Amino acid sequence: MARYVTVASISRSPIEFQGNPQALLDNAAHFVRRAKLFGADIVAFPEVYPHHTGGETPAAVAESLTSLGPTLQRMTAEASSNSLHLIWPLYTCEGDRVYNSSVLIAPDGGIIGAYHKIHPTIGEIESGITPGTEARVFDTDVGRIGMAICYDLNFPDVRDGLGAAGAEMIFFSSAYRGGLQLRIWAFELGVYVISAILAELGRIVDQSGAVLAESTYEALIARRINLDRRLLHMDYNWDKMDAILAKYGADVSFEYFTREAVFTIASEREGLSVDDVIAEFGLEGRADYFRRANEVRRAALEKS
């Protein structure tokens, strides 16, 4: 069935608030409220967003997820008062360990969980940041959410881990823009990727790699997306399209990306799951198709 979610991100540098953390939090709260007025179900901020206002070490400003520090207290309250999910990236601590984290906050203000950056930079590790070890995906009311942070984008173990865990949306909080890499992740995994950058050019990218929205002078971007949408290869699926349309008409939508020989199929009707349509007409997923192609190849090599 159609599963529409409005995603949003904030892309801006907080450097103007250096030395004034309260002003930074007030400004962040303003953007949360604005995102809610845009209809956002979830909004994300850039990498370690509140920790760019002074020269403190990560250990000096890191906040615990159990006894919440000042920025987590404020942003959990903002998530609750605006009734939306919020991704708040900051330095966190667990005992003596300090992490570069993205914290996922629920609409009631509770903390759903945190992702710790798996691949901190060399400089970060030398400054005391402990690498994370797990590409986590969280089940929420708005879908299965994965997160990645900045330098992570260069490493396939993070991408593949999020894919294997079933992420439907990946929120990328970063100091650098990601550019083409965001589109590659979205296309390779067949998921939506939403970036929040410590500058301009945050993006919302769909499963085909198409950029749906990009921030420029305006820091906030928001877009309504359908999670009941799948990216498939055209081979062995293309000839079934007319039969699907004959039965379901506009209740099923298609978009074609012929340069890459793929298309998307989505349900637009309440009570109709796109996965049920795929099963009914015997459509083959991309991973299954590539797996089958490799099996045929191996069999051919064994005969030769």
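Since the model is a prediction, treat every value here as computed from it, not as a measurement. Both backbone and side-chain heavy atoms feed into the values below; hydrogens, waters and symmetry mates do not. Position 1 is the first residue of the sequence, and the numbers go up from there.
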Taking C-beta and beyond as the side chain, do [X] and [Y] meet within less than 4.5 Å on heavy atoms?
X: Ser9; Y: Ile221; value: yes
X: Leu84; Y: Asp41; value: no
X: Thr140; Y: Ile42; value: no
X: Glu94; Y: Thr130; value: no
X: Tyr289; Y: Asn237; value: no
X: Met147; Y: Ser173; value: no
X: Thr92; Y: Glu63; value: no
X: His116; Y: Glu134; value: no

- Task: Give every residue pair that meets the salt bridge (charged side-chain N to carboxylate O under 4.0 Å, His left out) criterion with at least one member in residues 15-28, sequence neighbours excluded.
- Result: Arg12-Glu16, Asp26-Arg74
[atom1]-[atom2] distance between [X] and [Y], expressed to the nearest 0.5 angstrom:
X: Arg136; Y: Ile118; atom1: CZ; atom2: CD1; result: 11.0 Å
X: Asp235; Y: Arg286; atom1: CG; atom2: CZ; result: 12.0 Å
X: Ser174; Y: Leu182; atom1: OG; atom2: CG; result: 8.0 Å
X: Glu295; Y: Asp288; atom1: CD; atom2: CG; result: 9.5 Å
X: Leu227; Y: Gln207; atom1: CG; atom2: CD; result: 8.0 Å
X: Ser208; Y: Glu260; atom1: OG; atom2: CD; result: 7.5 Å

Counting only N and O atoms by type, is there a donor-acceptor contact under 3.5 Å from the side chain of [X] to the main-chain atoms of [Y]?
X: Ser195; Y: Arg203; value: yes
X: Ser215; Y: Leu201; value: yes
X: Ser80; Y: Ala77; value: no
X: Arg144; Y: Gly166; value: yes
X: Glu124; Y: Ile129; value: no
X: Ser267; Y: Asp228; value: no

- Message: If you apply the rule side chain to side chain contact (heavy atoms under 4.5 Å, CB included), what do you find for Val274 with Val252, and how did you get there?
- Response: CA-CA 8 Å; Val274 71; Val252 173; 5.8 Å; no
Any chance [atom1] of [X] has more than 12 other-residue heavy atoms, nucleotides or ligands included, within less than 6.0 Å?
X: Asp141; atom1: CG; value: no
X: Arg97; atom1: CZ; value: no
X: Asp96; atom1: CG; value: no
X: Leu37; atom1: CG; value: yes

- Return the orientation label for the Tyr91 and His51 ring planes: parallel under 30°, perpendicular over 60°, tilted otherwise. parallel
- Message: Under a plain distance cut-off of 3.5 Å, with no hydrogens placed, do Asn100 and Tyr151 share a side-chain donor-acceptor pair?
- Response: no
Considering non-hydrogen atoms only, spot the tightest contact between [X] and [Y] and give its length.
X: His85; Y: Ala106; answer: CD2-CA, 4.2 Å
X: Met169; Y: Val142; answer: CE-O, 3.3 Å
X: Thr6; Y: Ala222; answer: CG2-CB, 4.4 Å
X: Gly282; Y: Lys240; answer: O-NZ, 2.7 Å
X: Ile149; Y: Ser101; answer: CD1-C, 3.7 Å
X: Trp185; Y: Asp152; answer: CZ2-O, 3.8 Å

Are [X] and [Y] grouped together when hydrophobic residues (ILVMFWY) are joined by side-chain heavy atoms under 4.5 angstrom apart?
X: Val43; Y: Tyr115; value: no
X: Phe31; Y: Trp88; value: yes
X: Tyr176; Y: Val205; value: yes
X: Ile204; Y: Ile184; value: no
X: Val193; Y: Phe138; value: yes

- Item | Step-by-step side chain to side chain contact (heavy atoms under 4.5 Å, CB included) determination, Tyr49 to Leu198 | CA-CA 8 Å; Tyr49 190 70; Leu198 285 169; 4.0 Å; yes
- Which residues pass the ring pair (Phe, Tyr, Trp, His ring centres under 6.0 Å) test with Phe38, sequence neighbours left out? none
- Stacked cation flag Arg223 on Tyr192, 6.0 angstrom / 45 deg: no
- Task: Might you work through the side chain to side chain contact (heavy atoms under 4.5 Å, CB included) test for Tyr4 and Glu268, ending with a clear yes or no?
- Result: CA-CA 9 Å; Tyr4 282 102; Glu268 306 294 343; 2.3 Å; yes
- Query: Which is it for Met75 and Leu90 under the side chain to side chain contact (heavy atoms under 4.5 Å, CB included) test, yes or no, and what are the steps along the way?
  - Reply: CA-CA 11 Å; Met75 300 318 291; Leu90 76 165; over 6 Å; no
Before accepting this row, confirm whether a basic side-chain N of the pair [X]/[Y] lies closer than 4.0 Å to the acidic partner's carboxylate O.
X: Arg229; Y: Asp206; result: yes
X: Arg230; Y: Asp275; result: yes
X: Arg34; Y: Glu218; result: yes

Less than 3.5 Å apart, which donor and acceptor atoms pair up between the side chains of residues 155-162 and the rest of the protein, not counting sequence neighbours?
{"residue": "Asp157", "atom": "OD1", "partner": "His119", "partner atom": "NE2", "Å": "2.9"}
{"residue": "Asp157", "atom": "OD2", "partner": "His119", "partner atom": "NE2", "Å": "3.1"}

